[in-house]
There are 2 protein chains.
Amino acid sequence: MASDTGADGTVGKALDVLDMVAARGRPVRFSDLQVGSSYPKATLYRLLQTLTHQGMLAYDEDRGTYTLGLRLVRLAHAAWSTSSLAPLARPYLDELAAETGETIHLAQLDQGQVLYVDKRNATKPVEMFSSAGKVGPAYCTGVGKAMLAYLDDGALEAAIARQSFHQFTPETLDTPEKLKAELIAIRDRGYAFDREEHEPGIICCAVPILTRTGRAIGAVSVTSTTARTDLAALEAQAGRIKDSAARIAAVAEDWRFPEQG
Amino acid sequence: MASDTGADGTVGKALDVLDMVAARGRPVRFSDLQVGSSYPKATLYRLLQTLTHQGMLAYDEDRGTYTLGLRLVRLAHAAWSTSSLAPLARPYLDELAAETGETIHLAQLDQGQVLYVDKRNATKPVEMFSSAGKVGPAYCTGVGKAMLAYLDDGALEAAIARQSFHQFTPETLDTPEKLKAELIAIRDRGYAFDREEHEPGIICCAVPILTRTGRAIGAVSVTSTTARTDLAALEAQAGRIKDSAARIAAVAEDWRFPEQG
DNA sequence: AGACTAAGTTTCACATAATGGAACCACAGG
DNA sequence: CCTGTGGTTCCATTATGTGAAACTTAGTCT
């Protein structure tokens, strides 16, 4: 999947290459990339050189492999702290985690996928980057559905087109139709469930974070297991979660005027 | 500043723009960027469009501002988990933190700057992205000097050229000469100190993480305050830190063969 | 209102920068 | 010594990006 069919210009291609490297998740050789890439040898080679020269990739001389560069980590730090809800939402997540004692996720929608930007774990201490930055499917997670439910028609269709509808479990909503029906229900009640749709035994209740104009800018969820609780019990928390979501929405609304300069 | 004088090609410029946005650390309007950018209006505009279209930037319709995009966060997660020492070093850092009870930093060198990739805080729980991804000066931090001390001549000169030598405190080594002398001493003894060179009252002892060939791929440090301890006490820990660094080096050495495929 | 100004967007002739087929190099096996 | 595979460089061709200037809005001042 050379993915981004609409790769505009040279930078589009370069970023596409970055994604390719990222997708492997381990050091890759030139030839690893060449197969499956639509770019001709020389072009791919030059793109890699440029990216490496720019610090977006790192080249291991000895092994002849490329990995993602540290410049990305630096940029992402800035991205995370200025563009994500995480820094704002932190105190509210802490609170919610303390009160519920369950796992909390904060997610945003990125190109039709769920991007987790923060997390509180019931038991273990927080796990740095290893959780923030993770992506997941939108059509079969609580946070994902909560956000999809508030997209306008155009954006929704675009997002749906990007879903794989892979059937992770027997409960997974595996067609656009089922999903759309579910989204209406979610809009109605104001929060979403994950009924073991992504992983067996894992359930959650998720609430969208809405702007005044009704756009979903993120979602918060409380996750648990069927062993420990059930949907009804989680639903009882919905009000509490909504409350947190509303408060996050409120600070997010103000925050866009960091300085009026 | 327009920094990257050697901005090769279009992607170089695009990435340069990304950095510019990142540098402000808050939503920026078009005109904010235009001043201080050497690119002509139309060019800058097109670059911004492309980056936005690619999800590297996000554009806020209402305010007319750009911020870094979430795609970066996604990429960085991959970068952090495949290219940084953090995932490998984690258990050793935990151990070191537990034993010393002080603040632990894990850093790598990126374009002449110190990039913190992980951290253990004495008291508070870990702070996600907010610490990882941060950058700091190399010439006046323990981890920075520890790594500089093991650069070869060419790389060292290049790195020194990138230092600001801003005098943060009376103790800051504010010339290349003083720094070079210090680096020799560090190489001799195998670890570096920060003698309140960056922040008054903050001291640390840092050890480079060395490959078999003697290249520094990162550094670990134990940080404390003059109120709580002193350099002599920190130096007593040096052996312990060296031990951690050596063990991290060992796993890092193997790790580059994730699968021989 | 009407006349200015500043911020953002589009155009278009032009030149630079990316393209990719093919040739080249280096090295490992047979 | 030949042959194949992985990686790097050339270079004529052309697509792409360039940027001065013109154009739209959306405010602001008088």
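Proteins get letters first, then strands, A, B, ... in listed order; numbering begins at 1 in each.
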Item to check | Short side-chain donor-acceptor distance under 3.5 Å, B:Arg71 and B:Gln54 | outcome: yes

Checklist entry - Under 4.0 Å: is that the gap between some side-chain N or O of A:Ser31 and OP1 or OP2 of D:dT5? => result no

Checklist entry - So do A:Leu106 and A:Lys119 actually touch side chain to side chain, heavy atoms under 4.5 Å? => result no

Checklist outcome for this item: chain A vs DNA chain C, heavy-atom contacts under 4.0 Å, first-to-last nucleotide span, 5' to 3', is C:dA18 to C:dG21

Item to check | Any donor-acceptor N/O pair, A:Gln34 side chain to A:Leu44 backbone, under 3.5 Å | outcome: no

Next on the checklist: I'd like to know if the side chain of A:Asp32 reaches the main chain of A:Arg29, judged simply by a donor and an acceptor atom lying under 3.5 Å from each other, with no hydrogens or angles considered.
Outcome noted: yes

Item to check | Bend angle of the helix from C:dA1-D:dT30 to C:dG30-D:dC1, end axes from five pairs each (to 10°) | outcome: 30°

Checklist entry - Over how many whole Å does the gap from B:Phe30 atom CZ to D:dT25 atom P extend? => result 17 Å

Checklist entry - Who passes ring-ring contact (aromatic ring centres under 6.0 Å, His included) against A:Tyr59, sequence neighbours left out? => result A:Tyr66

Checklist entry - With sequence neighbours excluded, what pairs up with A:Glu199 under the side chain to side chain donor-acceptor pair (under 3.5 Å) test? => result none

Checklist entry - In whole angstrom, what separates A:Gln34's CD from D:dG7's P? => result 9 Å

Next on the checklist: Between B:Gln113 and B:Leu109 (side chain of the first, backbone of the second, donor and acceptor by atom type, cut-off under 3.5 Å), is there such a pair?
Outcome noted: no

Checklist entry - Do B:Glu157 and B:Lys180 sit within salt-bridge range, that is, some charged N less than 4.0 Å from a carboxylate O? => result yes

Checklist entry - Any Lys/Arg nitrogen of B:Asp110 or A:Arg74 sitting under 4.0 Å from an Asp/Glu carboxylate oxygen of the other? => result yes

Give me, pair by pair, the N or O atoms of the protein and of nucleotides 15-19 of chain D that are less than 3.5 Å apart, along with how far apart they are.
unit_1 : atom_1 : unit_2  : atom_2 : d
D:dG17 : OP1    : A:Thr10 : N      : 2.7
D:dG17 : OP1    : A:Thr10 : OG1    : 3.2
D:dT18 : OP1    : B:Lys13 : NZ     : 2.9
D:dT18 : OP2    : B:Arg46 : NH1    : 3.1
D:dG19 : OP2    : B:Thr43 : OG1    : 3.1
D:dG19 : N7     : B:Arg46 : NH2    : 3.3

Checklist entry - Could you give the CZ-to-P distance, from A:Arg29 to D:dT5, as a whole number of Å? => result 15 Å

Item to check | Spacing of A:Tyr45 atom OH relative to D:dC10 atom P, expressed in whole Å | outcome: 10 Å

Checklist entry - Taking 4.0 angstrom as the limit, do A:Glu61 and B:Arg215 come out as a salt bridge? => result no

Next on the checklist: Once salt bridge (charged side-chain N to carboxylate O under 4.0 Å, His left out) is applied, what residue pairs with a partner in residues 241-252 of chain A remain, sequence neighbours excluded?
Outcome noted: A:Glu95-A:Arg247, A:Arg240-A:Asp243, A:Asp243-A:Arg247

